[in-house]
There are 2 protein chains.
Amino acid sequence: MKDKKGQGMKRLSLKDVAQMAGVAPSTVSFVLNGKARQMRISDELAEKVQAVVKKTGYQPHSVAVNLRTGQSKTLGLMVESISGSFFAALARVIESEADRYGYNIVYCSTENNAQKGTELIRMLNRQQVDGFLITPAAGMEKDIEQLLAHKRPVVLMDSYFPEVAVPYVLIDNYGGVRQGMKHLLGKGYSKIGFITVDMELVQIQQRFQGYRDALKEENIPFRNKQVLKISYNSPRDEAVKAIQDFITANKGVEALFFSTNYLGILGLESIAGLGLRMPDDVAVICFDDHDIFRLYPPGITVVQQPVEEIAKTAISLLMHQLDKGARVTRKSQVQIPGKFIKRGSA
Amino acid sequence: MKDKKGQGMKRLSLKDVAQMAGVAPSTVSFVLNGKARQMRISDELAEKVQAVVKKTGYQPHSVAVNLRTGQSKTLGLMVESISGSFFAALARVIESEADRYGYNIVYCSTENNAQKGTELIRMLNRQQVDGFLITPAAGMEKDIEQLLAHKRPVVLMDSYFPEVAVPYVLIDNYGGVRQGMKHLLGKGYSKIGFITVDMELVQIQQRFQGYRDALKEENIPFRNKQVLKISYNSPRDEAVKAIQDFITANKGVEALFFSTNYLGILGLESIAGLGLRMPDDVAVICFDDHDIFRLYPPGITVVQQPVEEIAKTAISLLMHQLDKGARVTRKSQVQIPGKFIKRGSA
DNA sequence: CATGCTTGCAAAATCGATTTAGCTAAAGGA
DNA sequence: TCCTTTAGCTAAATCGATTTTGCAAGCATG
């Protein structure tokens with residue numbers, strides 16, 4: 001407690017430690033970085049240094065380390081919007097995983113705006129992040145390509161660009177929909193509507209393909225009017241209206257498959273507004289879980305994203321790039337099966 | 001496009017710019033930092049430097065700047081858990097506000113664990129953050145005091161410690177409950193249950209006080225059995241069970257006031273489990289909004305946190321400390337009124 | 001006995017900026 | 001004429017680490 005008074009109290013530097021131990025700064029550095037052996041520092045001296053370090057509680061100045069080594073020990077995490085529950089959950093796991101490897105996270109969100117994404121990448125570069133974890137918005141191909149061209153470690157999550165050779169981790173979108181469809185078809189439903197969003201991202205396409213193939217396998221004809229594509233930017237009430245019109249227009253539709261949780265939530269509103277009951281009037285399955293779906297009566301059946309696995313895999317891929325400079329192979333493009341969770345709605 | 005090839009391509013440094021402009025590094029620095037006048041750099045030279053900077057797109061190496069100036073232009077944001085919706089929303093606004101002042105955010109979450117909080121503060125200090133934005137967990141008084149003692153800029157959010165003189169911003173908890181109670185009492189309910197959590201934080205106490213005072217003002221006797229305190233750590237199903245027991249034990253209870261959104265959600269489960277209907281069998285109001293409450297039929301009436309105002313105020317207070325070294329006054333302890341939102345449940 | 005090779009550590013260069021001190025030439029004053 | 005100012009820059013110190021190079025003493029070798 002004796003050295004805490006006074007406001008001047010400068011932070012202890014490596015130099016100070018060296019002085020106190022009666023050795024050169026370089027010696028302290030070697031000892032602290034486990035290079036004592038390699039640099040032939042005698043055990044005696046090494047111990048003396050360690051003692052001083054322990055006594056003073058010295059901690060290296062990370063900014064200085066960063067400047068010298070060029071490693072910030074910081075990763076940039078860019079999500080669509082941190083207030084989305086999937087992304088929030090992702091961020092949480094990623095943070096703790098990164099910590100295990102000694103990395104910090106700088107987080108930012110694109111709000112699904114490619115231009116903002118571009119700016120944020122610039123910002124993260126200024127911050128000298130060592131690697132990027134990105135859930136890309138449509139239109140960010142160029143940015144990703146540029147990162148690759150500069151050999152910056154990147155891992156995409158949640159989506160990717162088929163034409164860009166980049167490591168990614170995401171749920172098996174196609175397989176997830178197939179799981180859900182299998183359940184519906186198994187229950188004897190054949191008039192199944194598919195409600196999706198008007199976006200160019202692969203995962204959306206793959207979900208749609210899962211729907212088509214599932215029908216085809218059962219020899220159920222695909223009808224275009226049983227598919228609704230909602231524009232990403234359409235306001236809440238318009239979207240609800242569109243879904244309601246879709247349901248009434250498709251007289252006799254037995255089940256609805258929503259391709260994102262955002263759509264599913266809109267779907268709940270729409271269905272409630274029409275006074276329909278799940279699953280009797282209409283069965284419902286949604287891709288991607290949400291807190292609401294657990295609670296909303298009678299509970300919404302979903303295909304859940306394996307958030308934890310996605311996060312862990314992503315970090316692990318990134319770490320590989322970071323210390324091995326690994327190239328992009330098929331092994332670094334991972335699809336993880338989703339988890340089908342049966343609740344009351346289907 | 002001509003200088004992007006090759007993987008060596010080192011980043012442009014101030015020195016390089018100086019060389020290209022045919023001046024000394026210091027001159028470039030002066031020009032870039034607006035000290036050209038002060039340092040009597042001729043307009044001619046200044047323009048030459050500016051031209052080179054613009055042409056090359058030079059951007060200062062922030063780590064080097066940080067090391068030299070001691071300013072990281074980074075703020076530490078510590079929330080209870082980023083996967084909570086209130087915190088996620090907060091993080092979002094704070095991020096964009098901070099950006100307007102040229103600051104980045106390093107975010108982390110305590111998971112409501114004071115010990116983890118202590119560690120994280122150490123981590124943020126190692127990272128040289130310029131200031132702290134914290135939603136404190138119970139038991140973090142010591143940590144906050146230490147930050148103050150070291151004259152580190154801090155603003156608390158969501159909660160605070162009455163015995164520690166520290167700037168904070170939060171919703172007017174007492175007033176918020178009063179608003180909600182006024183609504184219930186105005187509708188003629190008098191048997192109102194209050195369900196809260198077993199935590200030592202002031203905001204919880206104040207909400208409880210709001211409940212008691214509201215009753216007192218209407219001359220309705222306070223009954224201890226109409227209050228349920230759920231332990232923070234009790235598992236989900238136990239808590240639901242407790243709430244259900246509470247409801248059945250309080251025969252004739254007309255309305256329930258949940259003191260946090262977490263409890264409210266448990267409440268919905270409990271009420272649904274008992275087969276009760278809102279608001280006829282039991283009216284419900286919850287402190288703090290949640291996505292679910294908008295959608296869950298018939299919509300849950302809530303007192304909503306003014307997230308945006310809280311975030312903006314917090315940043316503004318922090319900026320004040322950062323450039324003025326402002327002391328803690330009553331002006332830096334802010335309570336912002338909540339917003340009462342009437343939905344179907346009460 | 002001169003030369004070479006370890007050993008054990010210290011000195012100095014470096015990362016990329018900011019900031020203080022210094023230097024030269026022109027101008028002003030006695 | 002000589003000394004002091006002032007203008008206009010540049011050189012050098014500094015932030016706090018890491019890493020390369022240097023250097024003296026001890027030992028072996030031919």
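What you see below is based on every heavy atom in this structure, not just the backbone, and it leaves out hydrogens, waters and symmetry mates. Reminder, nothing fancy here: chain letters follow the sequence lines and each chain counts from 1.
Counting non-hydrogen atoms under 4.0 angstrom, A:N33 reaches the backbone sugars and phosphates but no base. Among the protein residues, B:V63 comes within range of no part of the nucleic acid, since none of its heavy atoms lies under 4.0 Å from any strand.
Under 4.0 angstrom from either OP1 or OP2 of C:dC9 there lies at least one side-chain N or O belonging to A:S42. B:Y58 has no side-chain polar atom (N or O) that falls below the 4.0 Å cut-off from OP1 or OP2 of C:dG16. Checking the phosphate oxygens (OP1, OP2) of D:dT18, a side-chain nitrogen or oxygen of A:S29 falls inside 4.0 Å. Distances shown here put every side-chain N or O of B:R68 at or beyond 4.0 Å from the OP1 or OP2 atom of C:dA17. At least one side-chain nitrogen or oxygen of B:K35 sits closer than 4.0 Å to the OP1 or OP2 atom of C:dT19.
Atom CE of A:M123 sits about 5.0 Å away from atom CG of B:N104, to the nearest 0.5 Å.
Side-chain N/O atoms of A:Y107 and A:E95 include no donor and acceptor closer than 3.5 Å. Judged purely by distance below 3.5 Å, without hydrogens or angles, the side chains of A:N66 and A:Q128 never pair a donor atom with an acceptor atom.
Atom P of nucleotide C:dA10 and atom CD of A:Q19 are separated by 12 Å, given to the nearest angstrom. A straight line from CG of B:L12 to P of C:dG16 spans 11 Å, rounded to a whole angstrom. Distance, B:N66 CG to D:dG16 P: 11 Å, rounded to whole Å. As rounded to whole Å, 17 Å separates atom P of D:dT19 from atom CZ of A:R40. D:dT18 atom P lies 12 Å from atom NZ of A:K73, rounded to whole Å. Distance CD (B:Q128) to P (D:dG16): 9 Å, rounded to an integer number of Å. Atom NZ of A:K15 and atom P of C:dT14 are 17 Å apart (whole Å). In this entry the distance linking NZ of A:K48 with C1' of C:dG8 reads 13 Å, nearest Å.
Residue B:T27 places its side chain closer to D:dC9 than to any other of C:dC9, D:dC9, D:dT18. For A:P60, whose side chain is taken as the heavy atoms from C-beta onward, the closest listed nucleotide among C:dG16, D:dA17, C:dA17 is D:dA17. Comparing atom distances between the B:A24 side chain and each of D:dT10, D:dC15, D:dA7 picks out D:dT10 as nearest. Taking every side-chain heavy atom of B:F30 into account, D:dT10 is the closest of D:dT10, D:dT18, D:dC15.
Inter-residue side-chain proximity for B:I94 and B:L75 is flagged as unmet; no heavy-atom pair is nearer than 4.5 Å.
With DNA chain C read from its 5' end, the first of the two nearest nucleotides for B:V65 and B:M39 is the one closest to B:V65. Nearest-nucleotide positions on DNA chain D for A:L32 and B:S26 put B:S26 closer to the 5' end.
Relative orientation of the A:Y168 and A:Y160 rings is parallel, given thresholds of 30° and 60° on the angle between their planes.
Using a cutoff of 4.0 Å between basic side-chain nitrogens and carboxylate oxygens, B:E97 and B:R100 are scored as salt-bridged.
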